[in-house]
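Okay, structure first, notes after.
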Number of protein chains: 2
Amino acid sequence: MPVKKRRIKLEDIARKLNISIATVSRALDKNPRVKISTREKVFKMAQSMGYMPNQIAKSLSSGKTNIIGVIIPRYDEPFFIEVCRGIDDYAREHNYKILISSSRNSFEFERDNLIAFERGLVDGIILSPTHETEMFAHIRSVIKKGIPVVLFDNIREEVQGADHVLIDDDKASFNGVEFLIKKGKKNIAFIGGIIEKKVFQDRYKGYLDAMKKYNIPIREELILHCESLDREFEDAEIQNFFKNIPIKPDAVFTCTDNYGLLSMKTLLKSGYKIPEEVSVIGFGDLGLGEVYVPSMTCIAQPTYAMGQKAAELLIEQFNEQNETHLKKVIKLNTELVLRDST
Amino acid sequence: MPVKKRRIKLEDIARKLNISIATVSRALDKNPRVKISTREKVFKMAQSMGYMPNQIAKSLSSGKTNIIGVIIPRYDEPFFIEVCRGIDDYAREHNYKILISSSRNSFEFERDNLIAFERGLVDGIILSPTHETEMFAHIRSVIKKGIPVVLFDNIREEVQGADHVLIDDDKASFNGVEFLIKKGKKNIAFIGGIIEKKVFQDRYKGYLDAMKKYNIPIREELILHCESLDREFEDAEIQNFFKNIPIKPDAVFTCTDNYGLLSMKTLLKSGYKIPEEVSVIGFGDLGLGEVYVPSMTCIAQPTYAMGQKAAELLIEQFNEQNETHLKKVIKLNTELVLRDST
DNA sequence: CTGTTAGCGCATTCAG
DNA sequence: CTGAATGCGCTAACAG
């Protein structure tokens with residue numbers, strides 16, 4: 001293998017052609033102020049020399065990196081990946097790349113990631129706060145420096161100057177539970193996630209409100225707030241819950257697809273018939289509910305669209321005059337998708 | 001909101017302190033050649049002014065970006081995400097970030113991504129080629145420029161100068177099928193992915209070899225090479241296959257977890273009993289097989305470890321003298337994980 | 001239409 | 001121990 005070659009730069013082309021660097025730069029830019037014949041000469045030479053512009057130099061000079069920084073709490077949650085797919089598709093169409101960082105469900109990591117991005121690597125940031133994130137100073141600090149920010153999914157507090165993309169977790173959950181109640185269910189179990197997380201608080205609230213509206217007594221024994229932050233431990237937590245449950249539930253409302261599937265698994269293995277004896281609802285609708293037997297009724301979240309919308313808002317901010325930015329809060333709709341588990 | 005503020009730079013600190021930029025730079029670097037007292041003054045001032053180094057300028061100056069570019073064929077395949085998690089964890093420990101790009105199963109996109117990375121945005125590249133990738137000139141070109149490359153998973157052809165991380169698909173598949181044969185299965189269906197893809201070719205070969213070794217006739221009607229590149233269409237393809245199958249299979253060997261799950265779904269819905277009447281094996285073992293009822297026997301791939309290993313090899317290349325790089329080919333072990341579906 | 005010059009922000013020689 | 005000067009590769013303002 002040959003020794004690492006020095007990169008070809010504008011100067012090399014300029015020298016070969018006996019013209020100035022500026023002209024080469026402009027020619028490659030298709031700047032109309034340069035003669036077509038010169039442009040062609042430059043292109044041909046660049047081609048034959050294997051010229052490749054240096055993105056870093058471009059960025060330093062132009063003040064733009066064309067990179068969007070994305071911070072998600074974890075990789076092993078299909079929801080976040082699907083959002084990223086939405087961001088990526090929209091971003092690519094607008095000539096941006098995405099740099100994904102996981103905060104590993106830790107506020108510290110979230111802050112570190114943000115600081116790394118603040119160093120000028122990205123033009124803007126899309127962030128889903130962790131459950132630990134109670135203070136938003138780190139986000140405000142970024143905004144104050146003029147870096148556009150869009151938040152999505154788990155927003156405990158609206159941040160001045162940032163855009164927000166979310167769903168109405170409260171209402172979505174309320175609708176799901178109400179559906180079960182109207183089916184005549186009384187002992188409706190609730191399986192949520194870590195209660196520090198705003199989305200889970202809201203989904204819990206929806207459950208409580210629906211139960212109250214129909215005067216169904218709330219029973220603590222039917223309620224589980226999972227604390228696992230990793231797929232690995234969710235299973236045991238849910239198995240345990242059902243093993244020790246003192247009342248036979250006739251329905252289970254869960255706050256993620258995985259909780260729903262794990263519930264179904266545990267119930268089926270314990271000999272329950274779904275949906276005859278117990279109904280199950282999941283939250284998210286990221287594809288697996290459809291493959292299960294019985295297929296799982298879900299609150300469908302417009303996950304991919306959330307990502308697209310987030311990217312759209314961010315890129316809008318890029319193009320704004322950097323004057324007072326009016327914070328936008330976009331609420332996307334959910335839908336109850338009926339399948340065999342109810 | 002205040003107008004976008006100009007970033008603080010070294011020069012600002014230097015002026016305030018009446019010292020040179022160079023000294024500020026060195027102080028922040030903790031260069032021992034600068035007096036401790038000066039260093040402290042600089043740190044304090046930097047802190048109070050909210051100084052944040054400019055990563056782009058640093059990169060241009062140092063020639064290092066500390067970013068690893070990762071190109072995967074698609075987002076909606078948990079396998080790739082899990083590999084990314086492995087890469088990310090290893091990379092982060094070594095002070096690298098990862099920039100993930102999806103090639104959307106298209107050779108064109110793969111090449112475009114590579115070219116984008118070639119522009120100096122990343123220090124090295126980890127890539128899983130698409131099924132369309134038959135030519136490797138684009139990869140060789142990157143390597144020739146001295147950019148370290150590691151390939152993983154779907155490697156049709158070893159590329160001189162790149163490292164490779166893979167599993168023995170052939171053997172893994174052979175073992176799975178052999179296991180079914182030893183259980184007395186005769187009508188073993190095979191469901192693979194798009195046959196242009198090397199991994200699927202190898203897994204198919206493993207199937208054929210096992211069948212031949214035990215003198216079991218191969219029946220075309222029991223073989224399906226899925227052509228879907230999106231989760232969306234896989235379901236219909238598999239349903240269709242089983243609907244029209246002329247022979248009742250007593251086992252199904254599949255080449256991804258999703259194919260396995262979809263097969264189980266279709267079979268269960270058609271009234272088959274698993275595993276009494278038909279056994280099913282999946283490939284990957286990315287978590288869902290365990291949640292299904294019945295739980296799915298799988299060829300377990302060391303997915304996370306593949307990512308870690310790839311990152312390790314890449315970072316090793318960074319630290320090498322850029323002389324002749326000896327291509328390394330790492331084959332990781334798979335394992336047959338027995339569950340209820342067999 | 002093209003060239004000259006001055007940055008972009010930082011690291012790093014080389015002097016002193 | 002510190003400062004001045006140069007360069008990383010490219011863009012853009014200003015001349016001509």
Side-chain angles (χ1 to χ4, degrees), chain A residues 4-43 45-46 49-67 116 118-123 145-147, chain B residues 4-43 45-46 49-66 116 118-123 145-146:
Chain A
K4 189 174 194 164
K5 280 198 211 116
R6 199 179 56 74
R7 286 178 73 108
I8 304 297
K9 46 187 178 175
L10 292 185
E11 194 190 338
D12 300 316
I13 302 179
R15 196 167 17 212
K16 281 256 189 190
L17 256 38
N18 259 320
I19 56 179
S20 75
I21 297 180
T23 301
V24 177
S25 172
R26 280 192 285 251
L28 292 175
D29 239 34
K30 300 204 170 140
N31 186 319
R33 286 179 10 190
V34 52
K35 222 192 321 182
I36 294 281
S37 66
T38 319
R39 180 199 291 182
E40 280 168 359
K41 260 192 305 187
V42 170
F43 265 87
M45 182 57 79
M49 295 179 76
Y51 172 73
M52 194 69 47
N54 180 325
Q55 187 56 46
I56 299 295
K58 267 189 154 151
S59 294
L60 181 61
S61 179
S62 69
K64 283 213 49 162
T65 64
N66 278 69
I67 299 180
E118 222 174 328
R119 289 163 130 77
L121 199 69
V122 302
D123 292 339
K145 297 209 166 151
I147 301 172
Chain B
K4 190 173 194 164
K5 279 197 212 118
R6 199 177 56 76
R7 284 178 75 107
I8 305 297
K9 45 186 179 176
L10 291 185
E11 192 190 339
D12 301 314
I13 301 178
R15 196 166 21 213
K16 281 256 188 190
L17 257 36
N18 259 318
I19 55 179
S20 74
I21 298 179
T23 301
V24 177
S25 172
R26 282 193 282 251
L28 291 175
D29 243 33
K30 299 205 171 136
N31 186 320
R33 286 178 13 186
V34 52
K35 224 192 319 182
I36 294 281
S37 67
T38 318
R39 178 200 292 182
E40 280 168 357
K41 260 193 303 190
V42 170
F43 265 88
M45 182 58 77
M49 295 178 77
Y51 171 73
M52 193 74 45
N54 180 324
Q55 188 56 48
I56 299 294
K58 271 190 147 147
S59 293
L60 181 61
S61 180
S62 69
K64 282 214 46 161
T65 63
N66 278 67
E118 221 175 327
R119 289 163 132 77
L121 199 70
V122 302
D123 292 339
K145 295 208 168 152

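A note on names: the letters A, B, ... follow the listed sequences, proteins ahead of strands, and every chain is numbered from 1.
In this structure, the CD atom of A:Q55 is 15 Å from the C1' atom of D:dC8, given to the nearest Å. Atom CD1 of A:I19 and atom P of D:dG16 are 21 Å apart (whole Å). Taking atom CZ on B:R15 and atom P on D:dA4, their separation rounds to 13 Å, with Å as the unit. As a whole-Å value, the separation of A:L28 CG from D:dG9 P is 16 Å. Across the protein-nucleic acid pair, B:I36 atom CD1 and D:dT2 atom P stand 11 Å apart, rounded to whole Å.
Atom CD of B:E118 sits about 7.5 Å away from atom CZ of A:R7, to the nearest 0.5 Å.
Contact annotation for B:T38: backbone-only contact, meaning every heavy-atom pair under 4.0 Å involves sugar-phosphate atoms and none involves a base.
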Checklist line | Contact state string [nucleotides 9-16 of chain C, B base, S sugar-phosphate only, - no protein heavy atom under 4.0 Å] | finding: BBSBBB--
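Scanning for side-chain contact (heavy atoms from CB on, under 4.5 Å) contacts around B:V122 gives B:I67, B:F117, B:I125, with sequence neighbours left out.
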Next item on the list: With side chain to side chain contact (heavy atoms under 4.5 Å, CB included) as the test, would you mind laying out the steps for A:T65 and B:I56 before giving the verdict?
Entry: CA-CA 8 Å; A:T65 64; B:I56 299 294; 3.7 Å; yes
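Between B:I13 and B:M45, the shortest heavy-atom distance links the atoms CG2-CG, 3.8 Å. Here the shortest heavy-atom pairing between A:A14 and A:I21 reads CB-N, 3.8 Å.
Considering A:V42, A:L10, A:D12 in turn, A:L10 is the only one that fulfils the side-chain contact (heavy atoms from CB on, under 4.5 Å) rule with A:Y51.
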